[in-house]
Protein chains: 2
Amino acid sequence: MITNMKHIKNELEQKGIKPTYQRLCVMEYLHEHLVHPTVEMIYDELVDRVPTMSKTTVYNTLKLLSGKGVVNEITITGTEVRYDINCQSHHHFLCKKCGKIYDVDVTCPFVNMDHKEVSGHEIQEIHGYFKGVCKGCLTS
Amino acid sequence: MITNMKHIKNELEQKGIKPTYQRLCVMEYLHEHLVHPTVEMIYDELVDRVPTMSKTTVYNTLKLLSGKGVVNEITITGTEVRYDINCQSHHHFLCKKCGKIYDVDVTCPFVNMDHKEVSGHEIQEIHGYFKGVCKGCLTS
DNA sequence: TATTAAATCTGTAATGATTACAAATATGAA
DNA sequence: TTCATATTTGTAATCATTACAGATTTAATA
Ligand SMILES: [Mn+2]
Ligand SMILES: [Mn+2]
Ligand SMILES: [Zn+2]
Ligand SMILES: [Zn+2]
């Protein structure tokens, strides 16, 4: 999958988001790092390439992007929010040993069918995840 | 469901947890408040009845209890941990308007069947939740 | 009962992620 | 250029949680 800056620029413009340099950088980072990174991880790499980058800008940008539905916030560790450029509803696996978060492909009826309510509550998002020990940590 | 102190005392002793007064209070609170409360909520009520109660003790107790599998930590808001005395795997609904967390009864294959792995990762816990607008907030 | 070591509880300080805020900078129209 | 607006930046504040050390309780032993 090729995701150059021009692609990302179009993506933002179509969603009504002004494609500033900082926003393009964050988007590019997310496209290239599909490991559900933290703000810290994003900032640490971007500030190397763009020394003026502020951590507050990373926070602001991610809040904007998630509000517009361009990125997803993943809150399964309880200690920090992690970010996902993949906005299609999918499930995750959190390793209790190494802390990595993986995408997993499980077929849950609620993810595939478009349910609109449960127990009278209006559903807008569906989240599912597993916790345990990841493949890598099992074999080492 | 009647859950008096004697019941709770037995429950803790069976799990090898010394049933101190503070621990019994936390357990009793959780049994009587099935709304997935925060540490703050638990502490605020307990300190009224037990003026010497420390918030640190609430934290310590909940960490002990969740480590022993007596209570469940729910990390779906991203801002604070919420606690559940119901340790059977079940799903939740978080209302984006009022912040309440409800239990929901959905039949997901992964909750009922006992899968041990997914994509090579060893599964220890299964979590699922929805976000949206709750029944109460819809009709008001 | 008195002694005493271990466990538990408590209050305060520290940590770490996130947000608030105001000044600096960039953008873009007139 | 001028000026208003949007964006970015750095710092301070907030808030949940954890670390830690002293106080208290527990329970075993003499
Ligand atoms: Mn993902
Ligand atoms: Mn529950
Ligand atoms: Zn792992
Ligand atoms: Zn609600």
Side-chain angles (χ1 to χ4, degrees), chain A residues 8-9 12-13 15-29 36-68 70-84 94 99 101, chain B residues 8-9 12-13 15-29 36-68 70-84 94 99 101:
Chain A
I8 296 171
K9 193 160 169 287
L12 292 189
E13 281 167 345
K15 297 272 184 172
I17 303 166
K18 190 187 286 187
T20 67
Y21 184 60
Q22 288 86 342
R23 290 171 186 171
L24 290 174
C25 285
V26 170
M27 285 293 285
E28 185 188 43
Y29 181 93
H36 315 92
T38 64
V39 165
E40 194 72 18
M41 292 162 69
I42 299 169
Y43 171 74
D44 282 351
E45 181 165 319
L46 293 190
V47 78
D48 279 346
R49 282 192 276 144
V50 188
T52 62
M53 179 72 67
S54 161
K55 191 179 281 187
T56 298
T57 297
V58 177
Y59 273 105
N60 290 342
T61 299
L62 290 167
K63 178 171 291 183
L64 176 77
L65 294 176
S66 66
K68 297 281 187 176
V70 180
V71 308
N72 254 359
E73 295 188 342
I74 298 177
T75 56
I76 74 184
T77 67
T79 56
E80 65 207 343
V81 180
R82 304 189 52 166
Y83 292 90
D84 196 342
L94 168 65
I101 294 179
Chain B
I8 297 171
K9 192 161 170 288
L12 291 189
E13 281 168 344
K15 297 273 184 171
I17 303 167
K18 190 187 287 186
T20 68
Y21 184 60
Q22 289 85 342
R23 290 171 186 171
L24 291 173
C25 285
V26 170
M27 284 294 285
E28 185 188 42
Y29 181 94
H36 314 93
T38 63
V39 165
E40 194 72 19
M41 292 162 68
I42 299 169
Y43 171 75
D44 283 350
E45 181 165 319
L46 293 190
V47 79
D48 280 345
R49 282 191 278 145
V50 189
T52 60
M53 179 72 67
S54 162
K55 190 179 282 186
T56 298
T57 298
V58 178
Y59 273 104
N60 290 342
T61 299
L62 290 168
K63 178 172 290 184
L64 175 76
L65 295 175
S66 67
K68 295 282 188 176
V70 180
V71 308
N72 253 359
E73 295 188 342
I74 298 177
T75 57
I76 75 185
T77 66
T79 56
E80 64 207 343
V81 179
R82 303 184 57 163
Y83 292 90
D84 196 342
L94 168 65
I101 293 179

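Each chain gets a letter, A, B and so on, in the order the sequences are listed, and its residues count up from 1.
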**Study point:** Note, B:Met27 side chain near B:Leu24 side chain (heavy atom, < 4.5 Å)
**Key:** no

Review point. Taking side chain as C-beta onward, heavy atoms only, is B:Glu80 less than 4.5 Å from B:Val39?
Key: no

**Study point:** Spacing of A:Lys63 atom NZ relative to D:dT7 atom P, expressed in whole Å
**Key:** 15 Å

Revision key, fill the gap. B:Glu13 CD to D:dT26 P, in whole Å, measures 14 Å

Revision key, fill the gap. The reported gap from CG in B:Leu64 to CZ in B:Arg23 (rounded to nearest 0.5 angstrom) is 5.0 Å

**Study point:** Rounded distance (nearest 0.5 Å) linking atom OG1 of A:Thr52 with atom CG of A:Leu46
**Key:** 10.5 Å

Review point. Atom NZ of A:Lys18 and atom P of D:dT8: how far apart are they, to the nearest Å?
Key: 9 Å

Practice item. For D:dT9, take OP1 and OP2 only and decide whether either is under 4.0 Å from a side-chain N or O of A:Gln22. Key: yes

Check your understanding: Reckon A:Thr57 touches a base, only the sugar-phosphate, or nothing at all at heavy-atom distances under 4.0 Å?
Key -> base

Point to revise | Whole-Å distance separating the CG atom of B:Leu24 from the P atom of D:dT26 | key: 12 Å

Review point. Start at the 5' end of DNA chain C and walk down; is the nucleotide closest to A:Tyr59 or to B:Tyr43 reached first?
Key: B:Tyr43

Study note, to complete from the structure: Note: B:Gly99 and B:Leu94 closest approach over all heavy atoms is O-CD1, 3.6 Å

Check your understanding: Which residues within residues 45-56 of chain B lie with some heavy atom under 4.0 Å of an atom in DNA chain D?
Key -> B:Thr56

Point to revise | Any side-chain heavy-atom pair of A:Val71 and A:Val26 under 4.5 Å | key: no

Check your understanding: Is there side-chain contact between A:Ile8 and A:Glu28, with at least one heavy-atom pair below 4.5 Å?
Key -> yes

Practice item. Report yes if some heavy atom in the side chain of A:Asp84 is under 4.5 Å from a heavy atom in the side chain of A:Ile101; otherwise report no. Key: no

Point to revise | Terminal contacting nucleotides, 5' and 3', DNA chain C versus chain B (heavy atom, 4.0 Å) | key: C:dA7 to C:dT12

Practice item. Scan B:Thr79 against the nucleic acid and name what it touches under 4.0 Å (heavy atoms): base, sugar-phosphate only, or nothing. Key: sugar-phosphate

Practice item. Specify the separation, in whole Å, of atom CD of B:Glu73 and atom C1' of D:dT18. Key: 13 Å

Review point. For D:dT26, does OP1 or OP2 lie under 4.0 Å from any side-chain N or O of B:Thr20?
Key: no

**Study point:** Rounded interatomic separation in angstrom, taking CG from A:Leu65 and P from D:dT7
**Key:** 12 Å

Check your understanding: What's the CG-C1' distance between B:Asn60 and D:dA19, to the nearest Å?
Key -> 10 Å

Check your understanding: Less than 4.5 Å apart, any side-chain heavy atom of A:Leu65 and any of A:Tyr83?
Key -> no

Exercise for review: Would you mind reading off the distance between B:Ile42 atom CD1 and D:dT17 atom C1', rounded to a whole angstrom?
Suggested key: 14 Å

